[in-house]
2 protein chains.
Amino acid sequence: MPTPARTSVENLIETARQILEAEGLEGLTMQRVAAEVGVRAPSLYKHVRNRADLIRLVTEDVARQLTKLVERAASTGDPATDLRSIARGFRSFAHTNPGAYGLIFGPLADEWRTAPETLATGTEALIRSTSALAGPDHALEAARTVVAWAHGFVSMELAGAFRMGGDVDDAFEFGLERIIDALSAGERRT
Amino acid sequence: MPTPARTSVENLIETARQILEAEGLEGLTMQRVAAEVGVRAPSLYKHVRNRADLIRLVTEDVARQLTKLVERAASTGDPATDLRSIARGFRSFAHTNPGAYGLIFGPLADEWRTAPETLATGTEALIRSTSALAGPDHALEAARTVVAWAHGFVSMELAGAFRMGGDVDDAFEFGLERIIDALSAGERRT
DNA sequence: ACCTGAACACCGTTCAAGT
DNA sequence: ACCTGAACACCGTTCAAGT
């Protein structure tokens, strides 16, 4: 006798993400998710392969959202302006979704790492800006410099690593301007 | 009847660190550590409070080692040279101790985060260099820029996030020179 | 003073049995 | 076609009992 599903992958992903933000990755258990959607843990295995698979799906969801944000931030055509929007958007995304953000580049098991394609369009938007700023020869290296700095900054910030006083917002803006400067300087020199 | 301890905190920390590098954080279980040192899991609780405590001790050990490395790298007195040494030393430490490195700024539970003091002397060495390079007014912000970039770069690298081709070593050197440039440029301008 | 087995509460996961 | 309880192997942790 076929019975209609009481939940769905989408529902599981959304629920998992809420739990992740509220209680962290350790709190994201199959039993917790099951309880939240109103079934027993074994039922989840009709919808996802296992816990790692569920986490991977959440990560992909997050990566898609971040990518869309970056894509939209790079819209004026002026590379420095776009880079500022991208960096600030990146940071504010991390602030509002700290748990989700930790999944993307975190030192986590290979199993739930997101595929390169998911982040591709966001990367393209970034490279477009750095290409205009640092020249096409250094576009990729410049993009890596920007994203490394931005990711490092927000991940340290979220980890509570900036504990020597000083205004953290100011430090972010300082770094952003200096890096944009440095990349444009490179272009002028070439 | 007092019996001599068959293990010690130091022994546990060292063993835990080996397991961490070999099998990742999930593989670092109390039973695994106990088996490795030749006792049963409950015995570990005579030496550490619990698993989180053991991980915290490992983190502190790692932080101390990294700090010492940074401290020693900054030795020539020339800020740009010292910054290069610090950044490269930082990166090579992460490469040889990827599991341990992940503990320091990772998006991990508060319980095993290391105390600020442990990283203090390394931070001082870094700030000395950035102060000479970017001026004392921006020393802290400049140090945050450098460390954010370096940490972001190596953590993305370790996470396998640089998947668009290009030479990753070159990207590191590119970013390093541009950032040093940008910070010195700031000094000249003031 | 340290170590142990037994026990408890919690995981993830499988599977046969229910509807 | 989905959901369930029971079961298994694994955790971390506590504790009384051993030496």
Side-chain angles (χ1 to χ4, degrees), chain A residues 1-60 99 102-103 106 108-113, chain B residues 1-59 99 102-103 106-113:
Chain A
M1 194 71 79
T3 68
R6 285 219 286 269
T7 183
S8 63
V9 207
E10 291 74 27
N11 189 19
L12 294 188
I13 293 174
E14 196 188 354
T15 305
R17 205 167 146 180
Q18 281 165 11
I19 297 171
L20 175 65
E21 292 303 342
E23 313 178 25
L25 193 54
E26 330 85 272
L28 179 49
T29 70
M30 296 301 265
Q31 326 223 9
R32 186 81 178 68
V33 173
E36 205 70 37
V37 302
V39 297
R40 301 288 181 168
S43 301
L44 301 184
Y45 294 79
K46 288 287 164 187
H47 302 96
V48 296
R49 203 152 11 124
N50 49 35
R51 180 173 180 261
D53 191 40
L54 175 57
I55 294 176
R56 190 185 52 77
L57 289 167
V58 173
T59 307
E60 248 157 44
L103 290 178
L108 302 164
D110 292 333
E111 297 159 303
W112 56 59
R113 192 159 297 144
Chain B
M1 195 72 77
T3 68
R6 284 219 286 268
T7 184
S8 63
V9 207
E10 292 74 27
N11 188 18
L12 294 187
I13 293 174
E14 197 188 353
T15 305
R17 206 168 144 178
Q18 280 164 11
I19 297 172
L20 174 65
E21 292 303 342
E23 314 179 24
L25 192 55
E26 331 85 88
L28 180 48
T29 68
M30 296 301 266
Q31 324 223 9
R32 185 83 178 69
V33 173
E36 205 69 37
V37 302
V39 297
R40 301 288 182 168
S43 301
L44 301 184
Y45 294 80
K46 286 288 163 186
H47 302 97
V48 296
R49 204 154 10 122
N50 49 35
R51 181 173 179 260
D53 191 39
L54 175 57
I55 295 177
R56 189 185 52 76
L57 289 168
V58 173
T59 307
L103 289 179
L108 301 165
D110 293 334
E111 295 160 306
W112 55 60
R113 191 160 296 145

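In what follows, chains carry the letters A, B, and so on, assigned in the order in which the sequence lines appear, proteins first and then strands, with residues in each chain numbered from 1.
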What is the distance from [atom1] of [X] to [atom2] of [N], rounded to the nearest Å?
X      : N       : atom1 : atom2 : value
L12(A) : dC3(D)  : CG    : C1'   : 13 Å
E23(A) : dC11(C) : CD    : C1'   : 15 Å
M30(B) : dG12(D) : CE    : P     : 7 Å
Q31(A) : dA9(C)  : CD    : C1'   : 11 Å
D53(B) : dG12(D) : CG    : C1'   : 14 Å
E26(A) : dC10(C) : CD    : P     : 16 Å
R49(B) : dT13(D) : CZ    : C1'   : 14 Å
R6(B)  : dG18(D) : CZ    : C1'   : 13 Å

What distance separates [X] [atom1] from [Y] [atom2], expressed to the nearest 0.5 Å?
X      : Y      : atom1 : atom2 : result
H47(A) : R6(A)  : NE2   : CZ    : 10.0 Å
L20(A) : R32(A) : CG    : CZ    : 11.5 Å
E23(A) : Q18(A) : CD    : CD    : 11.0 Å

Got a donor-acceptor contact below 3.5 angstrom from the R17(A) side chain to the G99(A) backbone?
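No.
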Output yes when a side-chain donor or acceptor of Q31(A) lies under 3.5 Å from a complementary backbone atom of A41(A), and no otherwise.
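Here the side-chain-to-backbone pair does not exist.
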Looking at residues 38-48 of chain B, who's got a heavy atom less than 4.0 Å off DNA chain C?
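Close to the strand are V39(B), R40(B), P42(B), S43(B), K46(B), H47(B).
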For dT13(C), give the paired nucleotide (Watson-Crick: N1-N3 plus N6-O4 or O6-N4; G-U: N1-O2 and O6-N3; both under 3.5 Å), or none.
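Paired with dT13(C), as far as the under-3.5 Å criterion goes, is dA7(D).
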With both distances kept under 3.5 Å, what pairs with dT19(C), Watson-Crick or G-U wobble?
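The answer is dA1(D), by the H-bond criterion.
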By the definition side chain to side chain contact (heavy atoms under 4.5 Å, CB included), identify the one residue from L57(A), T59(A), V58(A), D53(A) that meets it with I55(A).
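With I55(A) as partner, side chain to side chain contact (heavy atoms under 4.5 Å, CB included) holds for just one option, T59(A).
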